Amino acid sequence: MGSLLLISVIKFVAYVSIVLVTVIMLVYAERRVSAFIQNRLGPNRVGPWGLFQALVDVVKLLLKEDIVPKNAYKPVHDLAPIISIAVALSTFAVIPFGNTIELFGTQVKLMIADVNVGILYLLSITSLGVYGVTLAGWSSNNKYSLLGGLRSSAQLISYELSMGLSIIGVLMVCGTLRLDQIVLHQTTYLWGWLPAWNIFLQPVAFFTFFIAAFAETNRLPFDLPEAEPELVGGYHTEYTGLKFGLFFLAEYANMFTAGAVITTLFLGGWHLPYAEYLGLSPTMLSILQVLTFCVKLVLVELFFIVVRWTIPRFRYDQLMNIGWKVMLPLTLANVLVTGAVMLLIQ
Amino acid sequence: MDSHAVATGALYGYRNQKSSSTNNFFESSVTLETFLFYTLGAVSVGSALMMVTRRSPVMSALYLILNFFALGGLYLSLHAQFIAFIQILVYAGAIMVLFVFVIMLLNLGDEKKLNERFSWKKIVGAGLSFGVLMELIFVFAFSKANLPPSHFEKATDIGTVENIGMQLFTTFLFPFEVTSVLLLAAIVGAVVLAKKKLN
């Protein structure tokens with residue numbers, strides 16, 4: 001019992017510190033990659049290669065004055081960034097970032113919480129993220145903020161459906177709601193050589209989920225809630241200092257979680273193909289698998305960043321058309337086809 | 001009688017099974033489960049009251065969301081993980097988002113106070129709520145209704161996704177399908193109402 005508690009505490013502390021550091025590094029990566037795409041240098045003065053720029057920015061945000069507009073509704077204005085960051089950080093709890101590792105003589109699963117309805121937990125928590133944005137828009141008492149908040153709720157409702165329906169395809173193939181079981185299911189091989197990752201078994205679901213993830217994280221080409229040319233800053237126009245910083249952090253934490261979910265559901269999670277045949281000791285294999293998960297995650301995040309700086313923003317009607325008339329029928333058809341194929345194989 | 005144990009039985013149709021180690025709040029020491037039950041119960045009742053009494057529609061909606069969370073927690077303490085998360089996913093995450101969206105779109109101000117002191121509405125309302133309260137007290141405290149025995153060995157098995165799915169597609173297939181037809185009719189109706197011209 002004591003060691004169980006200790007393991008939980010270690011997991012939790014490691015998780016929070018890793019996520020926060022990674023999220024800050026994501027901001028740095030985004031600025032450097034965008035600079036590369038636009039033929040600039042990007043931040044390169046603070047620390048080696050400008051690595052500490054993001055940290056210094058956090059300190060700047062901490063020291064800035066916190067201004068609440070006169071007509072804003074203060075309790076909700078304060079609550080909104082808290083909702084955003086809490087939702088963004090708590091989704092990661094069910095992601096398995098490795099198989100099992102031996103600690104203090106017990107096999108420890110490398111995930112914070114082993115929930116038997118892991119996917120439902122993920123979906124329900126991410127569906128709450130919209131409140132942070134919507135309430136920020138409403139409580140600021142500013143027309144641009146309100147429009148940003150409204151756009152965000154409409155967008156998230158539209159794309160949540162496709163997101164949930166693309167996951168159904170994965171659930172049908174894997175037959176479980178546990179995320180660690182879904183990864184285990186992907187560690188087998190098709191025809192003896194192709195890893196049974198869901199990206200190969202469910203390519204359409206992967207495609208739709210990826211697009212929905214862009215929309216759910218408010219990233220370009222789906223960043224209409226904060227479209228600068230039309231809405232000044234969107235829902236966070238009236239936020240300054242640390243509260244703005246929390247929204248900023250939440251956006252990158254969401255991106256991080258979305259990448260982790262995509263890796264887990266479609267890219268085989270911590271599975272490194274053929275690593276079982278290398279003859280490594282169990283501990284080494286576990287560490288290798290955690291590293292594999294990290295590499296996959298980084299690649300997905302890099303793809304997120306490159307897409308942001310390559311593709312222009314959608315118009316609002318285009319956004320709604322894609323959500324309801326393209327994505328939704330596609331995901332429904334995917335569920336139907338998956339069911340039919342599974343029946344035929346049986 | 002411990003209301004928790006009775007509520008568990010009433011919800012899942014079983015009796016005489018020890019779903020947990022806590023059977024009587026007053027006899028046993030306060031365990032985590034009873035503590036959670038009373039905290040969540042207090043939060044759900046409190047948020048429900050706040051929801052009814054707030055004047056700003058957005059605040060009412062927020063308290064309703066809090067209420068759904070407390071209910072979700074109560075479901076979790078009854079080993080009904082599926083219902084707990086569906087409660088949050090569907091009600092807090094989808095339906096209430098639409099509510100908040102519409103409230104903001106209409107930009108509703110605060111509700112105005114009614115001037116009338118006594119009205120028949122208040123009397124009827126008070127009478128009805130008193131009746132419902134009496135009924136609940138009767139059901140939970142005095143009723144000796146014979147609930148059918150459960151099919152499950154362990155109380156923890158009842159709320160799993162597998163068992164709910166099994167029950168839905170075998171025992172309760174007909175009501176399940178009827179519900180889906182009703183929902184389809186509602187969707188078609190909504191489209192017809194929203195679309196101005198049908199070509």
Side-chain angles (χ1 to χ4, degrees), chain A residues 73 75-77 79-80 83 86-87 90 94 113-141 143 145-161 163-164 167 171-172 175-178 216 235 324, chain B residues 50 54-66 68-69 71-73 75-76 79-110 156-166 184 187 190-191 194-195:
Chain A
Y73 188 55
V76 180
H77 193 264
L79 184 69
I83 296 178
V87 166
S90 48
V94 290
D114 186 15
V115 188
N116 65 356
V117 283
I119 285 193
L120 283 178
Y121 171 86
L122 258 179
L123 279 176
S124 53
I125 299 294
T126 42
S127 71
L128 297 173
V130 58
Y131 285 118
V133 176
T134 318
L135 292 176
W138 174 76
S139 66
S140 299
N141 222 337
K143 58 187 168 189
S145 302
L146 185 65
L147 275 174
L150 285 177
R151 277 185 179 187
S152 160
S153 36
Q155 174 178 325
L156 290 179
I157 294 171
S158 314
Y159 281 84
E160 225 164 55
L161 281 174
M163 199 172 206
I167 290 182
L171 293 186
M172 289 166 80
T176 174
L177 290 174
R178 277 174 181 268
E216 293 277 312
Y235 62 91
W324 291 102
Chain B
M50 292 294 273
R54 289 311 87 187
R55 279 214 227 153
S56 152
V58 173
M59 290 313 286
S60 287
L62 287 185
Y63 279 110
L64 190 54
I65 296 164
L66 183 64
F68 288 147
F69 261 91
L71 286 186
Y75 286 139
L76 264 188
H79 305 297
Q81 303 100 343
F82 181 73
I83 295 179
F85 280 108
I86 288 296
Q87 162 92 7
I88 293 173
L89 180 64
V90 174
Y91 285 96
I95 292 178
M96 283 318 287
V97 174
L98 276 177
F99 268 64
V100 173
F101 181 78
V102 171
I103 292 171
M104 286 181 185
L105 204 64
L106 300 175
N107 206 4
L108 295 177
D110 287 0
T156 44
D157 284 349
I158 294 168
T160 59
V161 184
E162 290 83 359
N163 283 329
I164 288 179
M166 270 315 227
L184 184 68
I187 293 172
V191 171
K195 208 163 172 121

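For clarity, every value in this text was computed on a predicted model and none was experimentally measured. Each chain gets a letter, A, B and so on, in the order the sequences are listed, and its residues count up from 1.
- The side-chain heavy atoms of A/Leu128 and B/Ile88, taken from C-beta on, include a pair separated by under 4.5 Å.
- Contact annotation: the side chain of A/Tyr73 never approaches that of A/Asn141 to less than 4.5 Å [non-hydrogen atoms, C-beta and beyond].
- Looking at A/Leu123, the atoms closer than 4.5 Å to chain B (heavy atoms on both sides) sit in the backbone and in the side chain alike.
- Looking at A/Leu177, only its side chain comes within 4.5 Å of chain B, counting heavy atoms on both sides.
- From A/Thr134, atom OG1 reaches atom CE of B/Met96 across 12.0 Å, with rounding to the nearest 0.5 Å.
- At a 4.5 Å heavy-atom cutoff, the contact between B/Leu98 and chain A is made by backbone and side-chain atoms alike.
- Of the two parts of A/Tyr121, the backbone and the side chain both hold a non-hydrogen atom closer than 4.5 Å to a non-hydrogen atom of chain B.
- The closest side-chain heavy-atom distance from B/Phe82 to B/Tyr75 is not below 4.5 Å.
- Among residues two or more places apart in sequence or in another chain, the side chain to side chain contact (heavy atoms under 4.5 Å, CB included) test is passed with B/Met166 by none.
- Using a 4.5 Å cut-off between heavy atoms, B/Val100 contacts chain A through its side chain alone, with no backbone atom that close.
- Comparing A/Leu135, A/Thr176, A/Leu79, A/Leu146 by how many heavy-atom pairs each has under 4.5 Å with chain B, the most go to A/Leu135.
- Ranked by non-hydrogen atom pairs under 4.5 Å with chain B, the options A/Gly129, A/Ser153, A/Gly137, A/Ser139 are led by A/Ser153.
- Residues B/Ile83 and B/Leu76 are not in side-chain contact: their nearest non-hydrogen atoms beyond the backbone lie 4.5 Å or more apart.
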